[in-house]
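Following: one structure in structure tokens, then a few remarks.
Heavy-atom basis, side chains included; hydrogens, waters and symmetry copies ignored.
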Amino acid sequence: MHSRPAPVVLGPAGTTADDVLAVARRGAPVELSVGALDALAAARRVVDDLAAKPDPVYGVSTGFGALAVRHISPDLRVQLQRNIVRSHAAGMGPRVEREVVRALMFLRLKTLASGHTGVRPEVAQAMAGMLNAGITPVVHEFGSLGCSGDLAPLSHCALALMGEGDAEGPDGTVHPAAELLAAHGLAPVTLREKEGLALLNGTDGMLGMLLMACADLAGLLTAADVTAALTMEALLGTDRVLAPELHAVRPHPGQAASAANMLKVLDGSGLTGHHQTGHDGLPAAPRVQDAYSVRCAPQVAGAGRDTLAHARTVADRELAAAVDNPVVIGGRVESNGNFHGAPVAYVLDFLAVAAADLGSIAERRTDRLLDKNRSHGLPAFLAGDPGVDSGLMIAQYTQAALVGELKRLAVPASADSIPSSAMQEDHVSMGWSAARKLRTAIDHLTKVLAVEMYAATRAVELRAGLTPAPATQAVLRAVRDAGVAGPGEDRFLSPDLAAAEGFVRSGRLVAAVESVTGPLS
């Protein structure tokens, strides 16, 4: 029986990526620190003082966006805050994943806890209560331009906080939000000055998806080093190109890490280097060099690692931010442009480029394994009886189709601003769109690497008389134990690529290697 994760305590100083993942993916409960509650109360006093004055203050006693010129009388301000949530909850399309919505809510709560938004402590406590009850508002795919934050997605969350709209309960079924709040002893929130606006104005959705993408890509980059090493071994390539001193003369840290991973996988291999001598009954014509897709694997995966490191730097900065407009600062309320999602959007797009290239080089290696003219002694398409069966021919077709889609997903969303709000918001980041397509790209990359793993393990097993590296042997055992494939089995006539995908996605591929090598980078 799994124990519940430890509570995540939010203070005014921000949070960590691990905390976001704990809340979004593992259901960790959330608590507000005494410091956060004090900061909330202090900022609220500033808002209340301004609300009592006759001078208009944006977000407190005015309309919003292009309608900010209107001064709103005190008797209409509760209605104003309720109406902005209702009007902005205008998303459309499929439901967004539960983990994304939980990350979105938690990150908005993180900003509330900073004491820069001016909401009452009870509003923040109500949002924490929803998270802890497992109530997940229904948020839709389309509705954010990534400027003024993720408006529609955050509005659907705020709508549920008010007891309106629909939400998913902890059992996974959708009910009216009011029913779920009541069932968990939670009261709907009546929003006051600035509070509706403060719940909507942030980069929380795109940031949450960036943090989850960083975690997922870190695992896939290690898996890509493993599949590249398996392919190098299956093609009888040379691991001399992985020597640390060669990578030290081009000191990109990601490249060195990937090369070191591959060396660990290949340590003790009886297959690498055979292409240089042509012995053991293998083709006698020696190769001086391996193809780029094999020889340059650390350079490509390493560039992905360095891109990921940059993305994490941006994410950490955003995690330390209090993104709202206006903000309560120094005893006053000031408008700003910090809600613009450009910093996050750029790295989301950059990671999609890296994912596409990592998938592309993996597909080229797979194609080489399947081509009898380039595989150095392997049967055509790794078939048991080429011609009678087609082996993994169409598995590579599927992989190529995924790579084609990865390339399309690499087209940057952040370069395609679409003006809105009567030209008040005349330049937007499209960061939400960049995040959504990156999630799809990561899913596709997982499948691409699974096909390479499937082909490479099959190819290694076909090298009769040669002993693979101990780490490779551990992978072969784990693959068979997981029911993915085995030597000479009929299942190769109908490749179980879904099982291979699950093997990579679950981390079992890397775990099998690490059982021999110790931790990989």
Please test Asp443 against Arg439 for salt bridge (charged side-chain N to carboxylate O under 4.0 Å, His left out), starting from the C-alpha separation and ending with a verdict. CA-CA 6 Å; Asp443 183 70; Arg439 283 178 69 84; over 6 Å; no
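- When side chains are defined from C-beta on, Met262 does not count as touching Asp239, because their heavy atoms never get closer than 4.5 Å.
- Under the 3.5 Å distance criterion, the side-chain polar atoms of Thr227 are left unmatched by any main-chain donor or acceptor of Leu449.
- Within the 4.5 Å cutoff, side-chain heavy atoms of Leu242 are placed close to those of Leu266.
- Note: His427 and His340 have parallel aromatic rings, judged against thresholds of 30 and 60 degrees for the angle between ring planes.
- At least one donor-acceptor pair under 3.5 Å links the side chain of Arg463 to the backbone N or O of Ala234.
- Residues Phe339 and Val323 approach most closely at CA-CG1, 3.5 Å, considering heavy atoms.
- In terms of modelled atom types and a separation under 3.5 Å, the side chain of Lys110 and the main chain of Ala321 share a donor-acceptor contact.
- The minimum heavy-atom distance linking Gly384 with Arg458 is given by the pair N-NH2, 3.6 Å.
- The shortest distance between side-chain heavy atoms of Pro7 and Asn132 does not fall below 4.5 Å.
- Judged by distance alone, with hydrogens and angles left aside, the side-chain atoms of Asp349 form no donor-acceptor pair with the main-chain N or O of Ala434 at under 3.5 Å.
- Formation of a donor-acceptor pair under 3.5 Å by the His376 side chain with backbone atoms of Leu235 is not found in this model.
- Between the side chain of Ser515 and the backbone N or O of Ala512, at least one donor-acceptor pair lies under 3.5 Å.
- Counting only distance, with no hydrogens or angles, the side chain of Ser360 and the backbone of Ala356 share no donor-acceptor pair below 3.5 Å.
- At distances below 3.5 Å, at least one donor-acceptor pair connects side-chain atoms of Asp389 with backbone N or O atoms of Asp385.
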Run Glu405 and Arg408 through salt bridge (charged side-chain N to carboxylate O under 4.0 Å, His left out) and show every step you take. CA-CA 5 Å; Glu405 187 64 18; Arg408 289 184 284 275; 3.0 Å; yes
Report the C-alpha separation of Asp18 and Thr16 in whole Å, then their side-chain angles, then the decisive distance to 0.1 Å, and conclude whether the side-chain hydrogen bond (donor to acceptor under 3.5 Å, both in side chains) test is met. CA-CA 5 Å; Asp18 287 343; Thr16 66; 5.3 Å; no
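- Using a 4.5 Å heavy-atom cutoff, the side chains of Met130 and Pro137 are in contact.
- Proximity of Thr366 to Thr231: side-chain heavy atoms (C-beta onward) are nowhere separated by under 4.5 Å.
- The pair Arg436-Glu97 meets the salt-bridge criterion, since a charged nitrogen lies less than 4.0 angstrom from a carboxylate oxygen.
- Leu438 CG to Met206 CE: the interatomic distance, rounded to the nearest 0.5 Å, is 13.0 Å.
- Interatomic distance, Met209 CE to Asp150 CG, rounded to the nearest 0.5 Å: 6.5 Å.
- Panel note: side chain Thr272, backbone Glu233; no donor-acceptor pair is recorded below 3.5 Å.
- Rounding to the nearest 0.5 Å gives a distance of 7.0 Å between CG of Leu445 and CG of Leu217.
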Report the C-alpha separation of Met453 and Val504 in whole Å, then their side-chain angles, then the decisive distance to 0.1 Å, and conclude whether the side-chain contact (heavy atoms from CB on, under 4.5 Å) test is met. CA-CA 8 Å; Met453 180 206 73; Val504 173; 4.0 Å; yes
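- The two atoms that bring Ala499 and Val484 nearest to each other are O-CG2, 3.8 Å, heavy atoms only.
- The CD atom of Glu452 sits 4.0 Å away from atom CZ of Arg365, with the distance rounded to the nearest 0.5 Å.
- The shortest side-chain heavy-atom distance between Val20 and Leu319 falls under the 4.5 Å cut-off.
- Between the OH atom of Tyr454 and the CG atom of Asp496 there is a distance of 6.5 Å, given to the nearest 0.5 Å.
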Determine, stepwise, if the pair Asp267 / Lys264 fulfils salt bridge (charged side-chain N to carboxylate O under 4.0 Å, His left out). CA-CA 5 Å; Asp267 185 41; Lys264 284 185 177 181; over 6 Å; no
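- The closest side-chain heavy-atom distance from Val96 to Pro153 is not below 4.5 Å.
- In terms of heavy-atom proximity, Val428 sits nearest to Cys147 at CG1-CB, 3.4 Å.
- In this structure, CD in Glu501 is found 6.5 Å from OG1 in Thr446, a value given to the nearest 0.5 Å.
- When all heavy atoms of His140 and Trp432 are compared, the pair lying nearest together is O-CZ2, 4.0 Å.
- The salt bridge (Lys or Arg N to Asp or Glu O under 4.0 Å) contacts involving residues 294-319 comprise Asp225-Arg305, where partners must be two or more places apart or lie in separate chains.
- Looking only at distances, no side-chain donor or acceptor of Arg95 sits under 3.5 Å from a matching main-chain atom of Val138.
- Considering every non-hydrogen atom in both Met430 and Asp416, the closest pair reads CG-O, 3.3 Å.
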